[in-house]
Amino acid sequence: MRASQFLIATLKESPSDAVVKSHQLMLRAGMIRKLASGLYTWLPLGLRTLRKVEAIIREEMDEAGALEVLMPIVQPSELWEESGRWFEYGGELMRIKDRHNRDFCMGPTAEEVITDLARNELSSYKQLPKNFYQIQTKFRDETRPRFGIMRSREFLMKDAYSFHANADSLNDTYQRMHKAYNKIFTRLGLDFRPVNADSGSIGGALSHEFHVLASSGEDDIAFSDTSDYAANVEMAEAIAPNFERPAATDTLTCVDTPDQNSIEDVSQFLGVNSNQILKTILVEGELSEKEQKDGVTAPLVALVLRGDHELNELKAEKIDGIAAPLVLASEERIIKLLGCKPGFVGPKDLPIDVLVDRSAAVVANFVCGSNEDDKHLTGANWQRDITFLHVEDLRNVVEGDASPDGEGRLNIKRGIEVGHIFQIGDKYSKALKATVLDENGKAKVMHMGCYGIGVSRVVAAAIEQNFDDRGIIWPKALAPFQISIVQIDANKSEEVIERSEALYQALKDLNVEVFLDDRDKKTSPGVKFADAELMGFPHRVVMSSRGLKNGIVEYKGREDEKGDAVELPCDDILSFVKNKLDL
RNA sequence: CGGAACAUAGCGCAGCCUGGUAGCGCAUCUGCUUUGGGAGCAGAGGGUCGGGGGUUCGAAUCCCUCUGUUCCGACCA
């Protein structure tokens, strides 16, 4: 490609509404332009990268035995009513009407359509398993689109759906997809983790999210430093400490702590580390449907955690006897029950159920609330001073916790979800009556698996992991062009033109994606260098009259430092570059 | 959906408080000069100051309203 014929849409300054690096750089490099909130046009440069992601995904899906299809973006409401999601899905489902006033939606996903296809086309167990995929635009009317292409309303997604005669077959394909995803993200050059996304409880359908590690991610991922365990922070189990509670040595004392009603306050006021302070959080208990109808007031339940730990609401909700969704007790109820403000609640002699976090249960000689305003207890000890019955996992894991699989310690990093695979079982096939005949000629509902990759999001995620102050540094697999040839002094040196054109042609003949910066003399060398670096081409060759006079051309890799360019005899450049490109 | 902010040339911004000629940098166009890190000089074009309404002799500026955009949170995965 010649720069003179391409659309170079680079920006010196980044638009003020872009806050994350990938968004800024995609705008600055001229990859995308915003049309409206959450809607973007892909410019020629950006589209080249998007197509590369697609191509890699397509190759690996084909390799893994999946069959490509292409389903409509616009889907009839009938199918969604059949699955029940026309009513369940909520505002994210963009509903539209045609000229006959019939209801349709812009597909946010395609379970309904593919299941409809499967029930019509598949009739025998002998045809199974089958795995269909498509790479198609999806539309989700996000409440808050943000970060450019990272969370947009219209986006490109690879979605695959597999159909099976039994759970074993589903499991096989699931494992196969898991492997294919690992291969895809490895080929894309990304630092990623497959994250266990199942509930951990019995009966939870198997599911993994694939996260690219990047500080701008929206999810916290906990992963072991020695094993391949990884989970969402909310999902990761905080295992019980492997030591016994130290002996009680201090005397239980009630001390004045006027107005010290947060852990931080108390910690400073008493000079005690927050991990020696226990906090007590009161939440509402669970009611049966009948009790709710009868207007019964829910009992309160006390949750006790170490001061430096955070309550995990998901874990709390799952415990029998605790309301889901979690409801914190109001200040009035606490005052009514205990006669003190929330900041001074403690576990001693509570008239309600007390659940103690695993880590809090092994603290000795701790500080806690006294259930009396402006007073705390110090030197408190379990069983000697305060009894409890239940120990539960109530907290979020923190960096350095033991990995739940027993190997290594947990690291916590932000992740961008780029892929998600899950076994959905018969939810859609049952609702849509997608059956095949089994060996006995009996209709059986098919089992289903579902596998997604955010294709456009992958592009943004790749940039989040690969940039410097000069711009994007593309992994080779994603670079829109592999190499740029920069002409300098072309207007006064025939040799610059001849040499650069010759190299350009030679590389093109080798099917190398080469970018020749042949912009005229109004474009200064600095501009050409800056653009090539911003757009992130992995390799750069500079041809100038100055260098050619001495028979020299210059090569520099995008990852190299500014001063690291190497000078080469100009006759050697082709073989040098071929070597760099692994040709 | 709750909270907050912003909207002035293609992009980045000033002007608004204290009402009175719409400005700066980059980009664009023309001419000359220049060519190894976002060139110089000279000139030019480009704005119903987001829309509507109000106050006023007079509104980018003050008030009301609508729309759009962004940020934080909730939701989603």
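As the structure is a prediction and not an experimental result, all values here were calculated from the model.
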For [X], report the nucleic acid contact type (base, sugar-phosphate, nothing); a contact means any heavy atom under 4.0 Å.
{"X": "Arg28(A)", "value": "base"}
{"X": "Ser14(A)", "value": "sugar-phosphate"}
{"X": "Glu218(A)", "value": "nothing"}
{"X": "Arg151(A)", "value": "base"}
{"X": "Val486(A)", "value": "nothing"}
{"X": "Glu92(A)", "value": "sugar-phosphate"}
{"X": "Ser16(A)", "value": "sugar-phosphate"}
{"X": "Lys34(A)", "value": "sugar-phosphate"}
{"X": "Glu533(A)", "value": "base"}

Chi angles and distances behind the side-chain contact (heavy atoms from CB on, under 4.5 Å) call for Val496(A), Ile488(A): CA-CA 7 Å; Val496(A) 168; Ile488(A) 293 174; over 6 Å; no
Any side-chain donor near an acceptor of the partner, His420(A) and Ser207(A), under 3.5 Å: yes
Any donor-acceptor pair under 3.5 Å from Arg558(A) side chain to Glu533(A) backbone: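 Present.
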Check ion pair Glu218(A)-Arg146(A) (N to O, under 4.0 angstrom):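 Yes, charged N to carboxylate O under 4.0 Å.
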Test: Arg470(A) and Asp468(A) ion pair at under 4.0 Å: yes
Residue from Arg28(A), Arg519(A), Lys12(A) passing salt bridge (Lys or Arg N to Asp or Glu O under 4.0 Å) with Asp531(A): Arg519(A)
Outermost RNA chain B nucleotides near chain A [under 4.0 Å, heavy atoms]: C11(B) to A77(B)
Nucleotide opposite G2(B) in a Watson-Crick or G-U pair, distances under 3.5 Å: C72(B)
For A39(B), the Watson-Crick or wobble partner whose two distances fall under 3.5 Å: U33(B)
